[in-house]
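Encoded as structure tokens, the structure appears first; notes follow it.
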2 protein chains.
Amino acid sequence: MDRLLGNIKITVNEKTYIKDPESSDLGKRIVEYSILMIDEIGFENFTFKKLGNQIGSNESSIYRYFESKQKLLMYLSSWYWGWLEYKLVFATNGISDVKEKLTKAIEIVTMTTVKDSVFSHINEILLNNIVINEFSKSYLTKEVDAKNKEGYFSVYKRLVRRLGEMIIDIDETYPYPLSMASTILEGSLHQHFLKEHFASLTDCHKDKQPTKYFVDLVFTRLNSNSHV
Amino acid sequence: MDRLLGNIKITVNEKTYIKDPESSDLGKRIVEYSILMIDEIGFENFTFKKLGNQIGSNESSIYRYFESKQKLLMYLSSWYWGWLEYKLVFATNGISDVKEKLTKAIEIVTMTTVKDSVFSHINEILLNNIVINEFSKSYLTKEVDAKNKEGYFSVYKRLVRRLGEMIIDIDETYPYPLSMASTILEGSLHQHFLKEHFASLTDCHKDKQPTKYFVDLVFTRLNSNSHV
DNA sequence: CAAATATAATAGTATTACTATCATGATACG
DNA sequence: CGTATCATGATAGTAATACTATTATATTTG
């Protein structure tokens with residue numbers, strides 16, 4: 001999809017930032033290096049001060065763009081989900097066969113990012129790692145409901161619902177399309193994490209990726225006639 | 001199971017604590033009130049100082065029992081998984097029918113805790129909430145591999161493997177028993193979370209609990225003849 | 001060229017997650 | 001019974017965090 005995306009910009013909820021990081025050079029460097037740093041040292045150890053040092057800028061300047069590191073994480077993950085949604089819609093758009101369509105969709109959302117540097121300052125592979133390791137932390141807080149009301153998770157939610165609709169398109173009698181959709185998304189992140197850190201808790205590894213596991217599980221259920 | 005557990009003690013990896021909280025009155029109060037507080041204000045906002053105030057004790061005294069709040073969270077979640085494992089083994093032990101056995105197992109691990117105060121100072125219902133909301137934070141860190149090596153997750157891992165074995169017992173040709181087991185455990189926590197905070201991303205609610213969703217999904221797959 | 005704007009530098013604050021030290025009160029044991 | 005040991009408490013201190021506020025300087029724009 002390299003060529004095609006040349007003039008696309010992924011839109012992110014404006015509340016995640018004070019000043020749009022896409023609007024300046026410093027902003028882009030903040031995003032670029034925050035991805036590198038969070039991937040490297042983890043979200044807990046990541047601070048705006050360290051980031052400032054890394055990019056030869058000042059802590060206080062970073063605060064002009066992002067209110068807090070939580071909001072920056074929101075920005076990054078929203079960007080990721082928006083980007084994934086774009087890839088999903090783009091790849092499944094022309095497909096009329098509903099099963100083929102869902103298969104493609106599952107492939108897109110469960111696959112590890114390989115290389116896709118259309119957005120020069122965003123390393124999608126590392127961003128994928130960050131989502132695997134840190135995304136849960138953006139909603140596992142006491143502020144979820146407030147954040148949710150303000151729309152911080154809307155892209156992610158839309159993605160789950162899109163998947164859910166594709167599931168319904170295959171079997172409108174299946175009683176758990178949304179749970180299945182959310183299981184695919186979240187479960188895939190989890191399987192990727194296990195692959196890296198708890199290999200004894202997953203059957204997924206190099207040749208046997210989460211994608212296959214989920215495609216098998218989902219289609220066995222949707223092709224079955226069991227109406228529970 | 002009330003009567004039967006009277007003299008049972010759930011064993012937790014000794015590395016999680018400095019001094020066994022079960023060994024003293026203060027220790028038990030620390031555990032009891034940390035559960036109440038973490039549930040109420042969330043792990044991020046929870047501090048040993050606040051806990052000290054709550055129980056009329058001193059911050060420094062709490063540090064005699066737990067090295068850090070991370071370790072306390074480890075202690076609490078290990079206790080929870082140990083307790084769940086006990087319930088699982090206890091409830092499935094006599095069952096010879098493999099399908100009935102797995103059904104029972106899924107029920108145990110995916111169901112919300114109702115009331116089970118055999119351990120007077122531990123509120124299992126709130127602890128269940130804590131596991132839903134905070135457990136991921138104990139492994140989504142840069143220290144996972146080190147912590148894992150030291151055995152902090154052994155009970156949880158054993159639980160996943162037990163489930164995995166029950167799956168194999170039903171269909172030894174199924175290629176993803178461990179992934180299915182880990183999906184049940186983690187996915188169930190996730191569905192419970194969604195129920196509370198993102199109702200639009202799940203089909204689970206009062207009458208339609210995660211248990212049913214997982215039993216249906218798992219057995220449709222294991223009863224099928226599709227060998228992928 | 002002046003005004004506005006972006007960034008940098010510096011300082012300061014409350015809180016956190018501890019560590020260290022010393023005091024006190026309870027208990028155990030010889 | 002007296003003393004040593006141990007558990008707990010009180011206080012102080014530290015480095016780091018997650019910011020806010022203020023002022024200075026450099027850059028852009030009108």
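Reckoned from all heavy atoms, side chains included, excluding hydrogens, waters and symmetry mates. All chains are named by letter (A, B, ...) in the order of the sequence lines, taking the proteins before the strands, and each is independently numbered beginning at 1.
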Original post:
What is the distance from CG of A/Leu26 to P of D/dT28, rounded to the nearest Å?
Top reply: 14 Å
Original post:
How close or far is atom P of D/dA7 from atom NZ of B/Lys28, stated in whole angstroms?
Top reply: 15 Å
Original post:
Rounded to the Å, how far apart are B/Ile41 CD1 and C/dT15 P?
Top reply: 14 Å
Original post:
Under the side chain to side chain donor-acceptor pair (under 3.5 Å) criterion, do A/Lys50 and A/Asn45 qualify, and how do the steps go?
Top reply: CA-CA 9 Å; A/Lys50 289 177 188 168; A/Asn45 303 315; 5.5 Å; no
Subject >> Rounded distance (Å) that lies between atom P of D/dG9 and atom CG of B/Asn53 >> reply: 12 Å
Subject >> Atom CD of A/Glu150 with >12 non-hydrogen neighbours under 6.0 angstrom >> reply: yes
Original post:
For D/dA10, does OP1 or OP2 lie under 4.0 Å from any side-chain N or O of B/Asn58?
Top reply: yes
Subject >> Whole angstrom value for the distance that separates P of D/dA7 from CD1 of B/Ile62 >> reply: 17 Å
Subject >> Within 6.0 Å of NZ in A/Lys69, more than 12 heavy atoms from elsewhere >> reply: yes
Original post:
Across the strands shown, which category fits A/Tyr65 at heavy-atom distances under 4.0 angstrom: base, sugar-phosphate, nothing?
Top reply: sugar-phosphate
Original post:
Does any non-hydrogen side-chain atom of A/Ile132 lie less than 4.5 Å from one of A/Lys195?
Top reply: no
Original post:
Testing A/Asp25, A/Val31, A/Ile35 for side chain to side chain contact (heavy atoms under 4.5 Å, CB included) with A/His121, which one passes?
Top reply: A/Val31
Subject >> Protein-to-nucleotide contact annotation, 5' to 3' order, nucleotides 15-23 of chain D [B base; S sugar-phosphate only; - none; under 4.0 Å, heavy atom] >> reply: --SSBBB--
Subject >> Ring centre gap for A/Tyr156 and A/Phe135 strictly below 6.0 Å >> reply: yes
